[in-house]
K.L.:
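Here's a structure for you.
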Amino acid sequence: MTKEVRVRFAPSPTGALHIGGLRTALYNYLFAKKMGGKFILRIEDTDQTRFVPGAEEYIQESLDWLGISPDESPWKPGSVAPYRQSERKASYMQYALELVEKGHAYYAFDTAEELEAMRERLTAARVLQPQYNSITRSQMKNSLTLSGAELKERLASGDPYVIRAKLPLKEEVRLHDLIRGWVMVHSSTLDDKVLMKSDGMPTYHLANIVDDHLMGITHVIRGEEWLPSAPLHVLLYRFFGWEDTMPQFAHLPLLLKPDGNGKLSKRDGDKLGFPVFPLNWVDPFSGEKSSGFRENGYLQEALLNFLAFLGWNPGDEREIFSLEELVEAFSIERIGKSGTKFDIAKAKWLNEHYLRSSSQVQLISYLQKDADAAGVAIAQEKAAAIVALLRERVTFPADFWRDSQFLHQAPSDFDPEVATKKWNGDAATLLQAYAQTLESGLPAPFDAASAKALLESTAEANGIKLGKVMQAARLAVTGLGAGLDLMEVFAILGPQEVAKRIRFALDTLAIVD
RNA sequence: GGUCCGUUCGUCUAGGGGUUAGGACGUAUCCCUUUCACGGAUAAAACACGGGUUCGAUUCCCGUACGGACUACCA
């Protein structure tokens, strides 16, 4: 039997969870469930200067909303707790020290100014990549260049220092990526990355390797932006002697801007008018607001389906997948290699699909909720009729209310273009007669069929062709030139309201024949 | 600049040495219809370029171009 699959999603609580991060979380979840393994959430808050209050809760709420809650997390600790790196702080130093002892890391005392001076010197000497590496470290202030006595003294006096990885000068580092195959990088292009910062916190690189090891992570599924540092991570596993349990890597293609160039960013959403975050978010420091898919009316099933297909496909022609179906169909092998442009039109289409397959009761509740908020009471029967008429033509839940405005309130003005083109003497004559009939009281129930029959007979009695005046009738009653089946609208409004609206139109609209 | 990754219709993609290069979104047209949608049908639309390898390359290899990521005591 093989080892249980354990994957982790490891965001930093530095703000709202980006939609790309959410997709990474989804793929981790899908893989874990597919393999019968565990999906773990670890908060990577080693940069105290970037911590943003509320960001953790935002992450949690986003995952919960999508239905991909982690099996283990800070809020649901498993056997490898804690799940917040700030709470694991105490354990990292011993690992860094272990590397120092093994000769794979060293203390460095260089100040920010000295580092800057080094880079300037190197740049002046036309060194292409000024970096702290196997060559330049010999000229810097570190435990490799300082005398044993001075090192002891600096350490004892509490001089601030970092611990850097000591990378080999010449070594081909190979790593196998589940999505990209073998990736080869020469160690001479890597620099001596900082492992422990002077504030006593580890950097991503150290914390990540140590925690993945300690938490029994079997597969690291993360964004492509980590690919360049993956060779360093492989080296660290080797330094620790953990190579035989090193997780497998899968670097996901990035989500790109819809118009082509670059990684999708927060600004794109603002600019193009669609969200790039799952939920609304207000930055606690700047007060800046970002809108979310959820509040924009996207259904969680739709966002899930949309996200899953950004870089993955099942290999056949199915497009509509529930979370369970995604789990069933998912495989890392079918994740694409190239960056994916974010196309909101597809998300809208999916949303329409899921909205239409929602229950009548659910859709009515959307309408009623918005009506309540606007202080309008809609009889349940009327709401049901509205939803039935609208369900094939909405994209978002809020459309039920928005697109049924004219059913709740008589038009105060009329589409001028339609009025000019369609309003004529015949229409006025017919509607005048129709309104009169409606006002005189009707024997039969007033439904779409009887409303139509009555309109037809009225037209016939006046020698008017119905087709010529339907648009005018629509204009008179709704103020608009297009929309729902007019007779159904009449039925919902009822005879008295229809007559009243016709009277108003007759009084308001000028006849231009 | 350097390192690494990538490149099939506008977009998401299937495919893979011999195919009419398939699907979906979007777009257009037609049908349905009192309008608009829905639905149905149809159409336009792609293998970045140049060399190899091969009987044959969109598919394999190498270059070029283009795009992207990374290049912090951020993750």
Side-chain angles (χ1 to χ4, degrees), chain A residues 10-14 21 44-47 49-50 85 108 110-112 115 123 126-132 160-164 177 179-181 183-186 188-191 193-205 207-208 222-231 251 253-254 256-263 306 309-320 334 336-350 352 356 389-394 403 418 422 452 455 466-475 478 480-487:
Chain A
S12 290
T14 54
E44 308 226 329
D45 55 350
T46 54
D47 187 353
T49 65
R50 293 210 307 161
Q85 289 185 326
D110 315 275
T111 63
L115 254 17
T123 305
R126 302 192 181 220
V127 173
L128 270 8
Q129 307 160 73
Q131 55 184 20
Y132 209 118
Y161 65 87
V162 300
I163 295 180
R164 286 179 180 273
D177 185 276
I179 294 172
R180 280 148 225 285
V183 176
M184 245 88 73
V185 178
H186 199 87
S188 63
T189 65
L190 270 18
D191 62 347
K193 279 271 179 296
V194 169
L195 264 20
M196 286 298 291
K197 298 183 268 189
S198 55
D199 66 358
M201 276 294 213
T203 59
Y204 171 87
H205 306 291
N208 191 262
R222 81 232 290 195
E224 195 188 3
E225 68 268 28
W226 293 110
L227 194 51
S229 56
H251 289 95
L254 262 18
L256 272 19
K257 295 176 193 295
D259 52 358
N261 305 165
K263 197 154 76 150
F306 176 63
F309 274 70
L310 253 26
W312 172 87
N313 74 84
D316 54 39
E317 283 168 2
R318 291 176 297 161
E319 305 241 43
I320 303 297
R334 294 211 62 86
K337 295 187 205 320
S338 47
T340 302
K341 282 178 191 158
F342 193 85
D343 180 20
I344 201 67
K346 195 96 175 197
K348 283 186 179 165
W349 175 73
L350 282 165
E352 286 166 7
R356 279 170 207 166
L389 283 179
L390 244 32
R391 73 181 301 149
E392 296 300 323
R393 45 208 309 146
V394 292
D403 293 347
V418 181
K422 303 287 185 182
K452 187 172 186 184
L455 189 62
L466 206 50
K468 296 208 157 194
V469 296
M470 282 302 279
Q471 287 307 87
R474 173 183 301 283
L475 180 74
T478 70
L480 307 169
L484 304 173
D485 183 298
L486 228 210
M487 294 307 118

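Numbers restart at 1 for each chain; the letters A, B, ... are given by sequence-line order, proteins then strands.
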K.L.:
Does A/S338 reach a base, just sugar-phosphate, or nothing at all? Heavy atoms under 4.0 Å.
P.N.:
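Here A/S338 touches the backbone only, sparing every base.
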K.L.:
Just checking A/R334: base, sugar-phosphate only, or nothing, at a heavy-atom cut-off of under 4.0 Å?
P.N.:
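Result for A/R334 = sugar-phosphate.
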K.L.:
Pairing check on B/U71: which nucleotide meets the Watson-Crick or G-U wobble criteria with it, both distances under 3.5 Å?
P.N.:
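B/G1 - that is the nucleotide pairing with B/U71, both distances being under 3.5 Å.
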K.L.:
Could you tell me which nucleotide pairs with B/U53 by Watson-Crick or G-U wobble geometry, both distances under 3.5 Å, or answer none if nothing does?
P.N.:
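B/U53 is paired with nothing.
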K.L.:
Determine the interatomic distance between C1' on B/C38 and the same-named atom on B/C32; round to the nearest Å.
P.N.:
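Approximately 11 Å lies between the C1' atom of B/C38 and that of B/C32.
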K.L.:
Identify the two heavy atoms, one from A/R474 and one from A/L486, that lie closest to each other, and give their separation to 0.1 Å.
P.N.:
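Of all heavy-atom pairs spanning A/R474 and A/L486, the closest is N-CD1, 3.5 Å.
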K.L.:
Does any nucleotide pair with B/U64 by Watson-Crick or G-U wobble geometry, both distances under 3.5 Å, and what is it?
P.N.:
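Pair assignment: B/U64 / B/A48.
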K.L.:
Tell me what A/G311 touches on the nucleic acid: a base, only sugar-phosphate, or nothing, going by heavy atoms under 4.0 Å.
P.N.:
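The residue A/G311 makes sugar-phosphate contact but no base contact.
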K.L.:
Over how many whole Å does the gap from A/K257 atom NZ to B/C12 atom C1' extend?
P.N.:
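Computing the A/K257:NZ to B/C12:C1' distance gives 19 Å.
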K.L.:
Could you tell me whether the phosphate oxygens of B/A75, OP1 or OP2, come under 4.0 Å of any side-chain nitrogen or oxygen in A/K197?
P.N.:
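It does, given that an N or O in the side chain of A/K197 lies less than 4.0 Å from OP1 or OP2 of B/A75.
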K.L.:
Using a heavy-atom cut-off of 4.0 Å across all strands, would you classify A/L195 as base, sugar-phosphate, or nothing?
P.N.:
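Since no nucleic acid heavy atom lies under 4.0 Å of A/L195, the category is nothing.
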K.L.:
Would you measure the distance from the C1' atom in B/C47 across to the matching atom in B/G18 and give it in whole Å?
P.N.:
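The answer is 16 Å between these two C1' atoms.
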K.L.:
Given the rule in the side chain to side chain contact (heavy atoms under 4.5 Å, CB included) test, do A/L484 and A/L390 qualify, once you have shown the distances and angles that lead to the verdict?
P.N.:
CA-CA 8 Å; A/L484 304 173; A/L390 244 32; 3.2 Å; yes
K.L.:
Can you give me the closest heavy-atom contact between A/S198 and A/V162, atom names plus distance?
P.N.:
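Shortest heavy-atom contact: N-CG1, 3.7 Å.
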K.L.:
Could you tell me how far B/G50 sits from B/G68 if I compare only their C1' atoms? Round to whole Å.
P.N.:
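Comparing C1' positions in B/G68 and B/G50 gives a spacing of 23 Å.
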K.L.:
Considering every strand and a 4.0 Å limit on heavy-atom distances, what is the contact class for A/Y204: base, sugar-phosphate, or nothing?
P.N.:
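It contacts base atoms.
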K.L.:
Can you tell me if the side-chain N/O atoms of A/R164 get under 4.0 Å from OP1 or OP2 in B/C73?
P.N.:
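It does, given that an N or O in the side chain of A/R164 lies less than 4.0 Å from OP1 or OP2 of B/C73.
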K.L.:
What nitrogen or oxygen pairs link the protein and nucleotides 24-27 of chain B at under 3.5 Å?
P.N.:
{"residue": "B/A24", "atom": "O4'", "partner": "A/E319", "partner atom": "OE2", "Å": "2.5"}
{"residue": "B/A24", "atom": "O2'", "partner": "A/E319", "partner atom": "OE2", "Å": "2.6"}
{"residue": "B/A24", "atom": "O2'", "partner": "A/K346", "partner atom": "NZ", "Å": "3.2"}
{"residue": "B/A24", "atom": "N3", "partner": "A/K346", "partner atom": "NZ", "Å": "2.9"}

K.L.:
Ignoring backbone atoms, establish whether A/K263 has a side-chain N or O less than 4.0 Å from OP1 or OP2 of B/G68.
P.N.:
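False: A/K263 side-chain N/O out of range (4.0 Å or more) of B/G68 OP1/OP2.
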K.L.:
Expressed as a whole number of angstroms, how long is the span from A/L190:CG to B/G2:P?
P.N.:
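Answer to the nearest Å: 17 Å.
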K.L.:
Sort out the partner of B/C9 for me: Watson-Crick or G-U wobble, both distances under 3.5 Å, none otherwise.
P.N.:
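Checking every strand shown, B/C9 finds no partner, since no pair has both distances under 3.5 Å.
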K.L.:
Ignoring backbone atoms, establish whether A/N313 has a side-chain N or O less than 4.0 Å from OP1 or OP2 of B/A14.
P.N.:
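Yes.
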K.L.:
Once the angle between the rings of A/W226 and A/Y204 is folded into 0 to 90°, is it parallel (under 30°), tilted (30 to 60°) or perpendicular (over 60°)?
P.N.:
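The rings of A/W226 and A/Y204 lie parallel, inter-plane angle below 30°.
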K.L.:
If we take the P atom in both B/G23 and B/C9, what is their distance in whole Å?
P.N.:
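The same atom, P, in both gives a distance of 16 Å.
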K.L.:
Could you check whether A/M201 gets within reach of a base, just the sugar-phosphate, or nothing at all, counting any heavy atom under 4.0 Å?
P.N.:
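No contact.
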K.L.:
Rounding to an integer number of angstrom, what distance separates B/U19 and B/U13 when you compare their P atoms?
P.N.:
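Each nucleotide's P atom is 26 Å from the other's.
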K.L.:
If the P atom of B/C30 is compared with that of B/A48, how far apart are they to the nearest Å?
P.N.:
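Roughly 35 Å separates the two P atoms.
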K.L.:
Looking at A/T340, does any N or O in its side chain come under 4.0 Å of the phosphate oxygens OP1/OP2 on B/U13?
P.N.:
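Result: yes.
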K.L.:
Which nucleotide in the list B/C5, B/U13, B/C73 gets nearest to the side chain of A/L227?
P.N.:
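Side chain of A/L227 sits closest to B/C5.
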K.L.:
Rounded to whole angstrom units, what separation is found between the CG atom of A/L310 and the P atom of B/G68?
P.N.:
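Rounded to whole Å, this separation is 18 Å.
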K.L.:
Whether the side chain of A/Q471 engages the backbone of A/G481 through a donor-acceptor N/O pair (distance < 3.5 Å, no angle test) should be reported.
P.N.:
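Pair found, side chain donor or acceptor close to backbone of A/G481.
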K.L.:
Would you mind classifying the nucleic acid contact of A/V162 as base, sugar-phosphate or nothing, using non-hydrogen atoms under 4.0 angstrom?
P.N.:
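Touches a base.
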K.L.:
In whole angstrom, give the distance that lies between atom CD of A/E224 and atom P of B/U7.
P.N.:
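Rounding to the nearest Å, CD of A/E224 and P of B/U7 are 10 Å apart.
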K.L.:
Which comes earlier along RNA chain B counting from the 5' end, the contact point of A/R356 or that of A/D316, where each point is its nearest nucleotide?
P.N.:
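Whichever sits nearer the 5' end wins; that is A/D316.
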K.L.:
Do you know which two heavy atoms are closest between A/V394 and A/R356, and how far apart they sit?
P.N.:
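Looking at all heavy atoms of both residues, the shortest contact is O-NH2, 4.0 Å.
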K.L.:
Partner of B/A28 by Watson-Crick or G-U wobble geometry, both contacts under 3.5 Å, or none?
P.N.:
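Paired with B/A28, as far as the under-3.5 Å criterion goes, is B/U42.
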K.L.:
Mind checking if A/G467 touches a base, just sugar-phosphate, or nothing, with heavy atoms under 4.0 Å?
P.N.:
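Nothing: the residue A/G467, judged by heavy atoms under 4.0 Å, touches no strand.
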K.L.:
Write down the distance separating the C1' atoms in B/A44 and B/U27, rounded off to the nearest Å.
P.N.:
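9 Å, rounded to whole Å.
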K.L.:
Tell me which nucleotide, if any, is Watson-Crick or G-U wobble paired with B/U34 when both distances must be under 3.5 Å.
P.N.:
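Partner of B/U34: none found under 3.5 Å.
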K.L.:
Rounding to an integer number of Å, can you tell me how far A/K337 NZ sits from B/A14 C1'?
P.N.:
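Roughly 15 Å, once rounded to whole Å.
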K.L.:
Nearest whole angstrom, please: distance from the P of B/U7 to the NZ of A/K341.
P.N.:
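The distance from NZ of A/K341 to P of B/U7 comes to 13 Å, rounded to the nearest Å.
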K.L.:
So what does A/T46 touch, heavy atoms closer than 4.0 Å: a base, only the sugar-phosphate, or nothing?
P.N.:
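Counting heavy atoms under 4.0 Å across all strands, the contact made by A/T46 is with sugar-phosphate only.
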K.L.:
Report which part of the nucleic acid A/R474 touches: base, sugar-phosphate, or nothing (heavy-atom distance under 4.0 Å, all strands).
P.N.:
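Here A/R474 touches the bases of the nucleic acid.
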K.L.:
Using heavy atoms to find the nearest nucleotide of RNA chain B for A/L486 and A/V183 separately, return the residue whose nucleotide is more 5′.
P.N.:
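In this pair, the answer is A/V183.
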K.L.:
Scan A/D110 against the nucleic acid and name what it touches under 4.0 Å (heavy atoms): base, sugar-phosphate only, or nothing.
P.N.:
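It contacts base atoms.
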K.L.:
With a 4.5 Å cut-off on side-chain heavy atoms, are A/D110 and A/Y132 touching?
P.N.:
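Side-chain contact under 4.5 Å: yes.
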K.L.:
Could you tell me the separation between the OH atom of A/Y161 and the P atom of B/C73, rounded to a whole number of Å?
P.N.:
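Computing the A/Y161:OH to B/C73:P distance gives 17 Å.
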K.L.:
Using atom C1' of each nucleotide, how far apart are B/C12 and B/A46 to the nearest Å?
P.N.:
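The answer is 13 Å between these two C1' atoms.
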K.L.:
For A/R164 and A/L195, which heavy atoms make the closest approach, and how far apart are they?
P.N.:
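Looks like C-CD2, 4.1 Å.
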K.L.:
What is the minimum heavy-atom distance between A/F306 and A/K346, and which atoms define it?
P.N.:
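The answer is CE1-CB, 4.1 Å.
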K.L.:
Any idea which heavy atoms bring A/H251 and A/L227 closest together, and the distance?
P.N.:
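For A/H251 and A/L227, the tightest heavy-atom pair comes out as ND1-CD1, 3.3 Å.
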K.L.:
Separation of A/H251 atom NE2 from B/C4 atom P, in whole Å?
P.N.:
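The distance from NE2 of A/H251 to P of B/C4 comes to 15 Å, rounded to the nearest Å.
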K.L.:
Do the side chains of A/E224 and A/R180 get nearer than 4.5 Å, heavy atoms only?
P.N.:
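With C-beta onward as the side chain, the pair touches.
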